[in-house]
Amino acid sequence: MFRSLHMKLSLILLLLITSLMAVVGSFLTISVSSFFTDTFYEQINSVFGVDQGEFVSSLRGEAAQEDGAVRIKDLLEITAGKLGIDYRTRNYFILDGETGAYLTGSADESALPREQSPNLLTARNAVLRGDETAVGDTSDITADYMDVAIPIFGGGNAFIIYVLDTRDTVSGLNGQLFLIIMQALVIGLVISILLSFLLSKTMVGPLEKLTAGAEKMAAGNFGSALPVESTDEIGILTGTFNEMAGVLQATLAAIESERNKLDTLFLHMTDGVVAFDHKGTLMHCNPAAKTMLQRAVEADCTYDELFGGVYPFQDILALQRPNYAESELLAGDRTLEVFLAPFSDGERGGVLIVLHDVTEQHRNEERRKEFVANVSHELRTPLTNVRSYAETLRDAEGDIPLTTANSFLDIIITETDRMTHIVQDLLTLSRLDRGDAELTLSRFPFGEAIDSVARSSALSARQHGHTLTCNGTEHLPLIVGDRSRLEQVMMNILGNAIKYTPDEGHIRITAGAMEDAVWMEVWDDGIGIPEKDREHIFDRFYRVDKARSRESGGTGLGLSIAQEIVLRHHGTIAIVPHEGPGTTVRLVLPIGQERGGQLIQ
């Protein structure tokens, strides 16, 4: 096997690429680590270096104050960008100079290493000696962290500024580099195989002569045998071609058999195949094509009758191989993808057409678009609330009392968290279908959850001029469930009531408890839901009024998600009878939930 020139070239190139990638990978990994280490100490030096005496003096002046640690932290916050503090992998800490105890910093005390590093011990020793010039800045490239400890003296106080980088960024980047190198290695190996093939083909000249002789044999010229000039692979191949003449008749019979197989394949293949001669007369049409076209295809049919509206016949004949034309054709309720290409030339030529049914693909594309629109719908309500409260805080220009402002900020934070949960719920919808999505069960006040949803939607209701009331939530029991997902269900129900109720409408939330369950109803005097649509209202992507639903941001998936969540809680959600215009949606949930075959209450 290794006598083959192609194999030898392949092995050499494979070994070369592998060795090169190993060297490059090692070099890049070491270079990245060194770069991050050098950058870290350059950033430290740009703030605490000898040419930054004014800033260090400011730190010493603040250290002399009674609340020196806090004042030093304020100064460090100003230079956090120059220090590269990202509050995740790199943080600073202000420690007591004598004991090394944590005083304050950009992260909690838990972010400090369990054992004090050599640099930190160096700074503590400098404090004990009263040495202001000693700094713990020793670099250790083998360590899994980078740190610097700077002693600061002021008055009778001594502090240590400790900057710690966990090297997580370096590790992550090295991991990405390793992945890229492995991908490049695979590509390089593929390219090396191709290059070895090309090189071997150009170097073996006699093989081309042998190929030319073989083509003559294949064309039926068996008048002269090819001379065998060597005993290597070329000689063996030459002898094989000489023997080919003796088995030609058997080969032709095998070819005929294969042609029959192809005819059978065209007869039973799922894609439609239609062929026309150079005059546009039908030559072949398999059963799949007749089924797709949903019409009778007679033997005297022409191209213009079947595909004249898709592409001009002469334009297809004028195409140069391997070019082809592509289009779509509507046949009844089906959408067909049509590929048209010429075959052969002159009178033996014609047009070959392949039909592919893409009806289901188009439907899937529509579902995908509906899903994207649904994501926008689910995120719109919390985004509107966040924007509304943020604009209120901005426009107030400090006139809002601090307590009210903090309340608005709390709502903004709550809505931001809710958006995160909504996205997670959309991602877990498929897992809900499969039944392997876990609920985060906890015991919480059902009435408090209703009040929270009502407060979050109050501003939106006021913007529409609605009167929103909430009754019966004071003495509701604690229930077990996934609070964030149940609040998403309530927000969806209440949001629909607000959106589909004309301005100056009325929306009423009522709640109560039964022996082993709680319930909530949202009543409105809006546009209502026709009786014929109520049994489909929880179907995915179903919309009663598509135009109005799009205007208001609805997609038909919100109630479907809500129903999936409620069913996972062994509850029910339904449209209940309603007197007069509007809709009433009732949500019923059990007080307890089963987990592992046991009832949790």
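- Remark: side-chain polar atoms of Thr404 are not paired, donor with acceptor, to backbone N or O of Ile400 under 3.5 angstrom.
- In this structure, CG on Asn406 lies 9.5 Å from CG on Leu393, to the nearest 0.5 angstrom.
- Between the side chain of Ser460 and the main chain of Ser457, no donor-acceptor pair closer than 3.5 Å is present.
- Checking Tyr162 against Gln116 by side-chain atom types alone, no donor-acceptor pair falls below 3.5 Å.
- Using a 3.5 Å distance cut-off with no hydrogens or angles, the side chains of Asp451 and Thr473 do pair a donor with an acceptor.
- Remark: the backbone N or O of Thr403 is not paired with any side-chain donor or acceptor of Ser407 at under 3.5 angstrom.
- A donor-acceptor contact under 3.5 angstrom links the side chains of Asn492 and Asn496, judged on distance only.
- Listed for the Asp96 side chain is a donor-acceptor partner under 3.5 Å among the backbone atoms of Thr99.
- Checked options Ile479, Val588, Leu587; the residue passing with Val518 is Ile479 (criterion: side-chain contact (heavy atoms from CB on, under 4.5 Å)).
- Shown here for Met490 and Phe446, the closest heavy-atom pair between the two residues is CE-CE1, 3.5 Å.
- Shown here for Pro445 and Arg483, the closest heavy-atom pair between the two residues is CD-NH1, 4.4 Å.
- Between Lys73 and Glu77 there is no salt bridge, since none of the side-chain N atoms of the basic residue sits less than 4.0 Å from a carboxylate O of the acidic one.
- Ile450 has its side chain within reach of Leu476: a pair of non-hydrogen atoms, C-beta onward, lies under 4.5 Å apart.
- Counting all heavy atoms, side chain and backbone alike, Val135 lies closest to Ala149 at CG1-O, 3.4 Å.
- Panel note: side chain Thr89, backbone Asp165; no donor-acceptor pair is recorded below 3.5 Å.
- Listed for the Asp86 side chain is a donor-acceptor partner under 3.5 Å among the backbone atoms of Arg88.
- If you check the side chains of Thr392 and Asp395, you find no donor sitting under 3.5 Å from an acceptor.
- The pair Arg387-Glu415 does not meet the salt-bridge criterion, since no charged nitrogen lies less than 4.0 angstrom from a carboxylate oxygen.
- A heavy-atom distance below 4.5 Å is found between the side chains of Leu486 and Phe444.
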Determine, stepwise, if the pair Glu564 / Arg568 fulfils salt bridge (Lys or Arg N to Asp or Glu O under 4.0 Å).
CA-CA 6 Å; Glu564 291 289 342; Arg568 289 299 303 275; over 6 Å; no

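- Side-chain contact of Asp482 with Ser484: a donor-acceptor pair under 3.5 Å is present, judged by distance alone.
- The backbone N or O of Ile498 lies less than 3.5 Å from no partner atom in the side chain of His464, so there is not a single donor-acceptor pair.
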